[in-house]
Amino acid sequence: MGASLPPKEANLFKLIVKSYETKQYKKGLKAADAILKKFPDHGETLSMKGLTLNCMDRKTEAYELVRLGVKNDVKSHVCWHVFGLLHRSDRDYREAIKCYRIALKSDPDNIEILRDLSLLQAQMRDLTGFVETRQQLLTLKPNHRMNWIGFAVAHHLNSNAAKAVEILEAYEGTLEDDYPPDNERCEHGEMLLYKISLLEECGFLERALEELHKKEPKIVDKLTYKEQEVSLLVKLGRLEDGANIYKILLTMNPDNYRYYEGLQRCFGLHTENGKYSSDEIDRLDALYRSLAQQYTWSSAVKRIPLDFLQGDKFREAAFNYIKPLLTKGVPSLFSDLSPLYDHPGKADILEQLILELEHSIRTTGTYPDRTEKEPPSTLLWTFFFLAQHYDRRGQYDVALSKIDEAIQHTPTVIDLYSVKSRIMKHAGDLVAAASLADEARCMDLADRYINSESVKRMLQADQVALAEKTAVLFTKDGDQHNNLHDMQCMWYELASGESYFRQGDLGRALKKFLAVEKHYADITEDQFDFHSYCLRKMTLRAYVEMLKFQDRLHSHAYFHKAAAGAIRCYLKLYDSPLNSPAEEEDDASKTPSQKKKMKKQRKAERAKKEAEDKIEESSASGVSKSGKRHVKPVDPDPYGEKLLKTEDPLSEATKYLKLLQKNSPDSSETHLLSFEVNMRKQKILLAFQAVKQLLRLDAENPDSHGCLIKFFHKVGSMPDPVTDGETLVWSVLEAERPSISQLQEKTLGEANEIFLGRHEDSLMHRVAVAEMLYTLEPTKKLEAIKLIEDSTNKVVPTDGALGPVSEWKLKDCVAVHKLLEKVLIDHDAALRWKVRCAEYFPYSTYFEGRRSSAVYNVLNNQVSKTPVSGGTSHPEISQGANSIISNGKLEAFKNLTI
Amino acid sequence: MGAGREVAISLDGVRDKNVMQLKKLNTALFPVRYNDKYYADALASGEFTKLAYYSDICVGSIACRLEKKEGGAIRVYIMTLGVLAPYRGLGIGTKLLNHVLDLCSKQNIPEIYLHVQTNNEDAINFYKKFGFEITETIKNYYTNIEPPDCFVVTKFITPSQVKK
């Protein structure tokens, strides 16, 4: 490096490099300028100066200088290496790889460049390249452990586990017999376990087991040893040995469900769907009875039988399971049992059973089969369970009366208010739900969970400002809202994005959704450091697993929600382009005072933000080793106004759509969005693909049907093809149409009617058919509306003891109302629908049901007057008749403050 | 208390983070709404204000105010003492009151008193068990409840007397 310079300058050049490595950028800059004074065109110095400036946050200059450096000394590997580092620091890994490759042409054995290149290749999953680079590194430096391991891992990732085993064994061959020394036992043990897992992956089961046994003394992680052993034994069909190991594992941890599952497999008593013959159930029952005697402390061993037992046996087991937990007071009991509600018949049994317990405790204070008095709290927890039970069954009235009984019994239990809040949410009163969650929050201001829960409810009720204020109570700096972003608090960003979307503030909604997308990009980015760290620390199994996790990272539900949210924003933006985010579609519904308030709030926030930025600037920090920046860039667009100014919202949407299609291909939402985007983009074949995907996933789904009809209706109304491209599209569609069974030799109208015939009893299917009827023939609007209005809300038959449950879902009915209002544009029909639904959903604020807070608050505005006293004393026994119990009642909300 | 079922009863202090628990109890227990001064006094009294927990459930409380008499001596005024109805008869009130009496004797506080509505015989008997006696009757003490009169119930503590 710096070879072409005279000795004095060559030394200065070395100083630049050293200063860069030790982060003494100013010193480096000085040295660089000293050289450039004499040799202004010296390429490598220009490059290094650029690299230094890059770390000092002078990016544009950095790129200029580095480019100039490369130009002046195009053969220098230093210049190209620096160029690569610059790209890497900007996360442009593809460009960085290119630069490294060019650098290697002039200096093929440069270890540093090779190592940097290998990291990038692992990051980018350029696996063949990764193998090559790793091979080169090993050839150059075979005495480094890391190079052996790296080469093996590279082959493994490149789907050649057998080769990886060979390499690891060759590496072992280089070790002394007494290896490892004491301080490397963990690392060596990990390597061995990794190798054995590779053997298992290759199907060399015997060899893996033999190796495992042989190396037992050298394996430090005894638990994994056992788990690996049992996995191999089961795969080898040595089930009896397997069962024994599982029993040993269970003594180590009797609550690990996977061990029980494994044990069942060993006894041939395991099915994926959880369905068993009656003979199998008897054998399982016997198995778990004997296990229960062995592992008396295990709760899993008591809980699992509830999954497979049926009828009376289930009843008896559930009875025995539930009783001690109600006595003890386990708030999570219902969540523990809630999966059973998906098993036919079990919910009814549970209902009868708990009602029986409730009756017995209420009247005698004991359980039915006991004489021993229950503690007073048992009744409370029984009410609590019943409330959640009826909530789950959709009987909100009963659920509320049960939870109110519980609150009256013991008004100090926080969970009661949380559950009441949840019931209110399900019943459709989001405002009341938020208030109740806030009441719960106030009861323990040190509990982050209930704080978060109340924030979530506030966002669901579109109280964004209040939610922010509440959320900030638990962020580190107390007042920095931004902190939630730094903590990657995604549920918050999603809920707040959805709230902004509902309120028509597309700019801020997009901000929030894209923030979540950014977190996922960051998580992908975060793996970078591990490519070198894990090889050094030998945590190879965890490393490979982490890479696999990263490969399917974007299929995670939060990402899906964020991407779908962003796409919806862009669709709305395309449909109704706007001037500024404040003037929105829903703006008409906002009063001038609300608008004013919004403006004012923004102004205040802006001022605060600016003040914060100033502080940040003054404390700008340096750069980490990997070249990543830790200085927080100022957000130039806090309200997403710039995002809204995008020229082409649909191509923005397409970016996220592609990620969804790649990572969530089995979600119908993905294809619905694809349909909407591509229809607007006039990409006929892509839209058609979306339709086909929807039919594949669920042809009977109302949305699938709607897209199918809409698609062919649109295609049918398009002008005849003119260009070659259009003709091609047409011929594809012509060839494909007969393959769609719904449309074979039928008109769209006929297909629509046939669909109705198949699903006459379902509200949402009727609604889809009605919408399509109107789409196909706008003159049939009244017929379409009649089709919707003639739907009947049937009562779902339940064996439940209390109250009927209707079939229609609140969410669907709201959607129907919006359709009547905005698509069919019939305000009278919409009003009729609203009145009708207010009957079905008395708690719904949307439909202004008579028991919702939208109505209720007006009626109960007068807070009951109670005497205020700071001095009166009251004895232990109070006059119950006099007391005013307002805990958990809506009137109490006004007294709560943050 | 059922045979053999021992449920732990523990006391915990009142802080600004959990003062809502005390408010919830008072709302359920007493026919009056307490003002901010009540809660400020309760928080200021430190160890003299306690919540009682039945296993993990907050079911009762004692709230006191420390008063300075002319000579500089301190006396304790019990503002409220109460246990939720389902949890009465389990010794929780006794435990709360004993806690405060013990503190008084440890800190050499000679006097502890409270007000009781004149018709509340259960309460009067409860306090008498602990050595309280009626020292005064105040007419028309309460404004919104019947009867409006109250007794002042006081216990004088000599350090040696309470040490059990």
Side-chain angles (χ1 to χ4, degrees), chain A residues 327-331 365-366 370-381 407-417 439-447 863-889 892 895-897, chain B residues 1-5 7 15-21 23-25 27-38 41 51 54-60 65 77-88 90 93 97 114-117 120 122-124 126-127 141-145 150 153:
Chain A
T327 304
K328 196 173 167 201
V330 177
T366 65
R370 303 265 184 85
T371 52
E372 202 176 351
K373 276 252 186 284
E374 281 300 308
S377 52
T378 307
L379 186 58
L380 159 75
W381 296 116
I407 291 174
Q408 189 154 5
H409 184 279
T410 309
T412 49
V413 176
I414 301 174
D415 306 71
L416 305 182
Y417 300 84
E439 192 173 356
R441 180 187 71 79
C442 289
M443 290 169 73
D444 187 354
L445 297 173
D447 186 326
V863 181
S864 36
K865 298 261 186 315
T866 45
V868 174
S869 158
T872 34
S873 143
H874 291 275
E876 181 173 16
I877 297 101
S878 77
Q879 304 98 321
N882 282 343
S883 59
I884 293 130
I885 294 167
S886 65
N887 290 331
K889 293 278 166 60
N895 305 316
L896 305 171
T897 45
Chain B
M1 194 66 207
R5 266 201 231 284
V7 176
R15 297 166 294 274
D16 57 346
K17 299 278 188 202
N18 66 0
V19 70
M20 190 51 113
Q21 293 279 356
K23 292 189 185 176
K24 288 280 174 201
L25 286 172
T27 311
L29 289 170
F30 307 119
V32 290
R33 197 173 282 252
Y34 290 93
N35 60 17
D36 292 345
K37 181 173 181 302
Y38 165 97
D41 286 344
L51 298 172
Y54 177 82
S55 71
D56 286 326
I57 307 168
C58 178
V59 297
R65 180 167 67 212
Y77 172 64
I78 301 179
M79 296 191 286
T80 55
L81 167 60
V83 175
L84 292 174
Y87 304 87
R88 288 179 194 157
L90 301 171
L97 185 54
L114 62 140
H115 295 110
V116 183
Q117 209 175 359
N120 195 341
D122 288 339
I124 297 162
F126 173 77
Y127 285 108
Y141 179 77
Y142 301 107
T143 43
N144 284 299
I145 48 177
C150 80
V153 183

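Any value given below was found using the heavy atoms of this structure, including those in side chains, with hydrogens, waters and symmetry copies removed. Below, chain A is the first sequence line, B the second, and so on; all start at residue 1.
Most heavy-atom pairs under 4.5 Å with chain B, from the set A:Pro376, A:Gly329, A:Gly365: that is A:Pro376.
Residues A:Ser377 and B:Val7 have side chains not in contact (no heavy-atom distance under 4.5 Å, counting atoms from C-beta outward). The shortest distance between side-chain heavy atoms of A:Trp381 and B:Ile57 falls below 4.5 Å. Residues B:Gln21 and A:Ile414 are in side-chain contact: their nearest non-hydrogen atoms beyond the backbone lie under 4.5 Å apart.
Distance CE/B:Met20 to CG/A:Leu445: 8.0 Å, rounded to 0.5 Å. Summarising the geometry, atom OG1 belonging to A:Thr412 is positioned 13.0 Å from atom OH belonging to B:Tyr54; distances are rounded to the nearest 0.5 Å.
For a residue to count as touching a neighbouring chain, one of its non-hydrogen atoms must lie under 4.5 Å from one of that chain's; by this rule B:Asp16 touches chain A with the backbone only.
Minimum heavy-atom separation, B:Cys58 to A:Thr410: O-CG2, 4.4 Å. The heavy-atom pair separating A:Pro411 from B:Ala28 by the smallest distance is CG-CB, 3.5 Å.
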